[in-house]
Amino acid sequence: MNLFASPRTWFFLSLIWMAAIFFVSWSRWPHIPLDSSPNDPKTLDLYAIATLNHSIFYVLLATLGPMVLMVVMRMAQKKLKASRERGE
């Protein structure tokens with residue numbers, strides 16, 4: 001069985017990647033410092049912007065890894081297939 005031809009390999013590596021990104025994003029979630037007023041409208045607006053930017057960044061990071069992995073695995077699969085056809 002070819003490891004690079006298995007969609008399960010890509011799926012499980014992608015799950016591991018996404019779980020790691022989830023853990024990092026959860027541990028770095030924006031927070032309001034204790035010396036700031038949590039009811040101030042400007043503070044709430046800044047917090048909303050910070051959480052939106054944080055979410056967008058980590059969603060892009062979580063989806064970029066599996067896409068790159070898919071491209072690399074397909075390139076490796078083609079290279080392996082070509083080397084088998086040449087008899088190497």
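Just so you know, residue 1 is the first one in the sequence shown, and it goes up from there.
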Practice item. Determine whether Lys81 and Glu85 make a side-chain contact, defined as any pair of heavy atoms from C-beta on separated by less than 4.5 Å. Key: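 Side chain of Lys81 against side chain of Glu85, heavy atoms only: contact under 4.5 Å found.
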Check your understanding: Quick one: does Leu61's side chain get under 4.5 Å of Phe57's, heavy atoms only?
Key -> yes
**Study point:** Within 6.0 Å of CE in Met75, more than 12 heavy atoms from elsewhere
**Key:** no
[X]-[Y] co-clustered via ILVMFWY side chain contacts under 4.5 Å:
X	Y	answer
Met18	Phe22	no
Val59	Ile21	no
Met73	Phe11	yes

Nearest heavy atoms of [X] and [Y], plus distance in Å:
X	Y	value
His54	Arg28	CE1-O, 3.3 Å
Pro38	Leu44	O-CD2, 3.2 Å
Pro66	Trp17	CD-CD1, 3.5 Å
Thr51	Trp29	CG2-CZ2, 3.7 Å

Practice item. State the CG-CE distance between Leu60 and Met67, to the nearest 0.5 angstrom. Key: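 Answer for the CG-CE pair, Leu60 versus Met67, is 8.0 Å.
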Review point. Do any N or O atoms from the side chain of Ser14 and from the backbone of Trp10 form a donor-acceptor pair under 3.5 angstrom?
Key: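 Yes, Ser14 side chain to Trp10 backbone: donor-acceptor pair under 3.5 Å.
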Review point. Cut-off 3.5 Å, side chains only: do Asp40 and Thr43 have a donor facing an acceptor?
Key: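 Asp40 vs Thr43: donor-acceptor pair found between side chains.
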